[in-house]
Student: 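One structure coming up, written as structure tokens, with questions to follow.
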Amino acid sequence: MSPQFRQTVHTTCPYCGVGCGVLATVTDAGVKIQGDPDHPSNFGRLCSKGSALGETLSLGTRLLHPEIGGIRTGWDEALDTVAGRFRETLERYGPDSVAFYVSGQLLTEDYYVANKLMKGFIGSANIDTNSRLCMSSTVAGHKRAFGEDLVPGCYEDLELADLVVLVGSNTAWCHPVLFQRILAARRADPKRRIVCIDPRRTATAEAADLHLPIRPGTDVLLFNGLLHYLRHNDCLDFEFIERHTEGYAAALNMAKETAPTVPSVAAGCGLAESEVAQFYRLFAANERTVTLWSQGVNQSTQGTDKVNAILNVHLATGRIGKPGAGPFSLTGQPNAMGGREVGGLANQLAAHLDLDDPGHRRQVQEFWRSPRIADRPGYLAVDLFRAIGEGRIRAVWIMATNPAVSLPDVHAVRRALSACPFVVVSDCERDTDLSRFAHVQLPALAWGEKDGTVTNSERRISRQRAFLDAPGEARPDWWIIAEVARRMGFGAAFDYRSAADIFAEHIALSRIAGAEKRRFDLSGLQTAYDELAPTQWPVDAGNPQGTPRLSFDGRLTFVAVRPQAPAHAPDTGYPLILNTGRIRDQWHTMTRTGKTQRLTGHLPEPFAEVHPIDGSRLELTDGALARLESRYGSALVRVRFSAGQQPGTVFTPMHWSESNSRQGLVNALVNPAVDPVSGEPEFKHTPVRVVPYRPRWYGFAIARRRIEFPDAAYRVVIPARHCWRHELAGEVLSEDWQRWARERLGPEGDGWDDWLEFADPRAGRYRCAWIVQGRIEFALFVSPSHELPPRDWLVSLFGQDALSETARAGLLAGRPLSADDDRGRIVCACFAVGENTLRRTIASETLTTAEQVGTSLKAGTNCGSCLPEIHALLAEAQH
Ligand SMILES: Nc1nc2c(c(=O)[nH]1)N[C@H]1C(S)=C(S)[C@@H](COP(=O)(O)OP(=O)(O)OC[C@H]3O[C@@H](n4cnc5c(=O)[nH]c(N)nc54)[C@H](O)[C@@H]3O)O[C@H]1N2
Ligand SMILES: Nc1nc2c(c(=O)[nH]1)N[C@H]1C(S)=C(S)[C@@H](COP(=O)(O)OP(=O)(O)OC[C@H]3O[C@@H](n4cnc5c(=O)[nH]c(N)nc54)[C@H](O)[C@@H]3O)O[C@H]1N2
Ligand code: SF4
Ligand SMILES: [Mo]
């Protein structure tokens, strides 16, 4: 199955749940990536991350061979070791002593095989997934309301809706292409409205018509209030309620009791009465309303209740499964939805069938011809790692996820992993924070090399297709799992020759689901696997082309939900609330997006956003460092003052790990409280304190390679063009910085003699640059304060083959001699346009619209992810 080189391959983006179609062409100059104009999710658009995919395919840091104990070995030995240890553990301690921890970034075929091996052959349900951290509250909410985990609507609904309500979703940054579609629809019909409910003023909130900066954790109150308001104002669809639902009276009574009036809701949610009233009026007036949500709803100890509070208002108004109307949960990962289809969660079976239904279990067992079948839920993610720590689980296999970074209370997770007798890790990258805990490392094929399917937020199944040869000895995840199954003695049931074989079995199993009245059913899918066009399930006899919208004829259930406070309240020791999430250009633990300078320029360092009032009260300085501390751990990050942050709250992104930062790990702080129904962690609410960190020196070093700088308390490594940037701060001032630098460079620095140096020891300032044959190799700048010269300018010097005289003079002076040399922080990742360039051009050419900025600088004209920031800069210039 050799990929056809130099032909354009239709595939799907491996990042977010929008599921954009991608055209990939291998050329002599690398892989060319374009949006697929025919894919119905994106119609040719890609965001900054998707556009940069071609730059993340380098093999330099890949895991290309199996390793045992960090030493290269052959596949036979590695697979025999894994199968042997799992078998042994299983025989000695029983099926529940082993576990898999998998991921919404596996393809459906990989996921299917992992679930089958664990639930049908090992006979335990100890397979959970990072979707527990992501979508599980929505899954639980859907099951309570619909009896099945269903997303009723489709993307087109967002364009048909007169009102789009975004709850706890930074769509502009996390589902950018979908957000562009929503904005385009509003441009086409300016009567359309967008409401954003988020404690922070995000890029999404900036673009919305109404932003409700809600008090963290109070969404149930807001939506209970809405239900009551709609009843009070006679806006409910009683015919729909009558015919299709149950539980209405109890839900309404709860709403009335807990959210009696607009003022009471406003007070509880920390909002102005007028804001709440305006939102309620908009909702009442617009039949065509879609409510979208993601992690601000799910990642809460009340996540499932938040989901049902939203579903309640849609059931009560009959706004569900209709063009332009419906509740719509956005999935995060490319295959979060596929994972739900194969039953990848510890409390699901497969194909939307139920683990606790004996009839379902019997049918799946017969279908798999398996010796046994798990009959009760396994450990949910957070508990799974607790069980590992307590020795109840003695062998774990982790695939396509990085729990050493992404789980809450991550130090406890790391202790558990160190104590575990047998840890297997399947990943594409060799050195991650997790790989340090692996006894066996298995090299998986990466995006572009592997073949399979993923399902996006609107239930659309798309193919990921290979366009690159398999590098080294890397193999598809499904192959690795099937080989282990075979070596455990289950060969007959895992005798797959290709991903297509597995998908065919997945379709066949879905027929049972269809017969059990599940909406998940692929039995009508006729197309050959290789030709499979993007299709929305169900695909059954009645809907052979797939189904954009689900209509309901069965019973839907209201759930009475009572507003509750998050698990841990701030107190005098930890008075601020830490909220965590994502930034525009990074994907999770940065193992891929962290590889390209195109994506690291926007927000290069871990940071904490605080309101300026908190900032000055806490004696913090914008741009300096601060330590965040919680009951669980601490982190050292850059401070950013932001008026969009609520006083009393702090926001820090989840992306940095120990692989690229020292002390930038935010989950060291996050408390492990979980939703009692779904088991999803409360990533958005941990009490913390923020204290200024005052190092003896701040600095940065730019070099041709990565350097450790082990004695710097703060160190962040950032890939840049032709070089690596290191942001540093430390406790010990050097007497001789030149020697200090040479020691850290090692033998490499020995022969270098042409250097420029400036030292002012009294002032604690130092800078130097080493130049070899006219080319700059290394630069170090040290200062007592965080105010240091622009890095972009210095980085650009690493692109010159011979340093110009002005560059040398600038190095000595410690600043660019021409203002034009400092483009500033990258705003537009596609065309590398910086903040300073934008400001200067907007002023000098008196630009007033984003279109004009696009014409002048190209910024914002490709993916559009930076348009919210360009609008903000334009607005600033107007004032
Ligand atoms: N750039 C980028 N895009 C991504 C990803 C990525 O890593 N990077 N990851 C993907 C994945 S897996 C996921 S799950 C999605 C997540 O996508 P989102 O859910 O949009 O992203 P988050 O930043 O985690 O959180 C969303 C917002 O919830 C808000 N929030 C916090 N507490 C509350 C609250 O109590 N109520 C309300 N209403 N809001 C609250 C936060 O302030 C934040 O702005 O993104 C996907 N897309
Ligand atoms: N504080 C905080 N923590 C969070 C969140 C938050 O909002 N705040 N969000 C949570 C959410 S929603 C999510 S989804 C998780 C995400 O967290 P993780 O799943 O831990 O993050 P990733 O970096 O996406 O990890 C994927 C890993 O799989 C590897 N990989 C990529 N492709 C493949 C493949 O095809 N096969 C194999 N075997 N490996 C592959 C990558 O190199 C990487 O190491 O983080 C959760 N953690
Ligand atoms: S919006 Fe961006 S990250 Fe998400 S699928 Fe599309 S291109 Fe990929
Ligand atoms: Mo996620």
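Counting convention: from 1, in listed order, for ligands and their atoms alike.
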Student: Salt bridge between D431 and R436, side-chain N to carboxylate O under 4.0 Å?
Tutor: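 Looking at D431 and R436, the cut-off is not met.
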Student: Distance under 4.0 Å to a non-hydrogen atom of A400: what atoms of ligand 2 satisfy this?
Tutor: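 Listed by number with element: 26 (C), 27 (C), 28 (O), 36 (N), 37 (C), 38 (N), 39 (N), 40 (C).
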Student: Enumerate the atoms of ligand 2 whose separation from the nearest heavy atom of D477 is less than 4.0 angstrom.
Tutor: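 Result: 34 (C), 35 (O), 36 (N), 37 (C), 38 (N).
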Student: As a test of reading the model: which residues have a non-hydrogen atom less than 4.0 Å away from ligand 1?
Tutor: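 These residues qualify: C16, K49, C134, V167, G168, S169, N170, W173, C174, H175, I197, D198, P199, R200, T202, P216, G217, D219, S294, Q295, G296, K306, G332, Q333, N579, G581, R582, I583, R584, Q586, W587, H588, H655, K684.
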Student: Show the atoms of ligand 2 that are less than 4.0 angstrom away from any heavy atom in S426.
Tutor: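 What qualifies from ligand 2 is 37 (C), 38 (N), 39 (N).
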Student: Which protein atoms of type N, O or S are found under 2.8 Å from atom 6 (Fe) of ligand 3?
Tutor: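 Under 2.8 Å from atom 6 (Fe) of ligand 3 - ignoring waters, which are not counted - the protein N, O or S atoms are C20 SG.
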Student: Please list, in number order, the atoms of ligand 2 under 4.0 Å from a heavy atom of N667.
Tutor: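 So the atoms of ligand 2 that pass are 1 (N), 2 (C), 3 (N).
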Student: Would you mind checking if E55 and K595 are paired as a salt bridge, meaning a charged N to carboxylate O distance below 4.0 Å?
Tutor: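 A salt bridge is absent here (no side-chain N lies under 4.0 Å from a carboxylate O).
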Student: Is it true that C428 lies under 4.0 Å from ligand 2, counting heavy atoms only?
Tutor: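 Yes, that is the case, since the closest heavy atom of the residue is under 4.0 Å from the ligand.
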Student: Classify the ring geometry between F607 and F651 as parallel (under 30°), tilted (30 to 60°) or perpendicular (over 60°).
Tutor: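 F607 and F651: tilted rings.
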Student: Of all the atoms in ligand 2, which lie at a distance below 4.0 Å from a heavy atom belonging to L445?
Tutor: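 Contacts of ligand 2 toward L445, numbered from 1: 34 (C), 35 (O).
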Student: Checking T401 against S103: is there a side-chain donor and acceptor pair closer than 3.5 Å?
Tutor: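 The criterion, which ignores hydrogens and geometry beyond distance, is not satisfied for T401 and S103.
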Student: Considering only NZ, NE, NH1 and NH2 on the basic side and carboxylate oxygens on the acidic side, decide whether R584 and E869 come within less than 4.0 Å.
Tutor: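 Looking at E869 together with R584, the answer is yes, because their closest N to O distance falls below 4.0 Å.
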Student: H611 and Q645: side-chain donor and acceptor closer than 3.5 Å?
Tutor: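 No.
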Student: Indicate yes or no for a side-chain donor-acceptor contact from N42 to the backbone of G21 under 3.5 Å, with no hydrogens or angles considered.
Tutor: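 Checking the backbone N and O of G21 against the side chain of N42, a donor-acceptor pair under 3.5 Å is found.
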Student: Any carboxylate oxygen within less than 4.0 angstrom of a Lys/Arg side-chain nitrogen, looking at E680 and R132?
Tutor: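 R132 and E680: not salt-bridged.
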Student: Checking W447 now: which residues fulfil ring pair (Phe, Tyr, Trp, His ring centres under 6.0 Å) with it, not counting sequence neighbours?
Tutor: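 For W447, the residues satisfying ring pair (Phe, Tyr, Trp, His ring centres under 6.0 Å) (neighbours in sequence not counted) are F467.
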Student: Between the side chains of S462 and H39, is a donor N or O closer than 3.5 angstrom to an acceptor N or O?
Tutor: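 Checked: S462/H39 side chains pair up, N/O donor to acceptor below 3.5 Å.
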Student: So, using side chain to side chain donor-acceptor pair (under 3.5 Å) as the criterion, who are the partners of N667 when residues are at least two apart?
Tutor: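 With neighbours one apart ignored, the set is empty.
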Student: For the pair E658 and R414, find out whether any cationic side-chain nitrogen is under 4.0 Å from an anionic carboxylate oxygen.
Tutor: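 Judged by the 4.0 Å cut-off on N to carboxylate O distance, E658 and R414 do form a salt bridge.
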Student: Could you tell me if D433 and S659 have a donor-acceptor pair between their side chains, going purely by distance under 3.5 Å?
Tutor: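 Side-chain D/A pair, S659 to D433: present.
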Student: Would you mind listing which atoms of ligand 2 come within a distance below 4.0 Å of any non-hydrogen atom of A444?
Tutor: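 That gives atoms 36 (N), 37 (C), 38 (N) of ligand 2.
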Student: At less than 4.0 angstrom from any non-hydrogen atom of K450, what atoms of ligand 2 do you find?
Tutor: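 What qualifies from ligand 2 is 34 (C), 35 (O), 36 (N).
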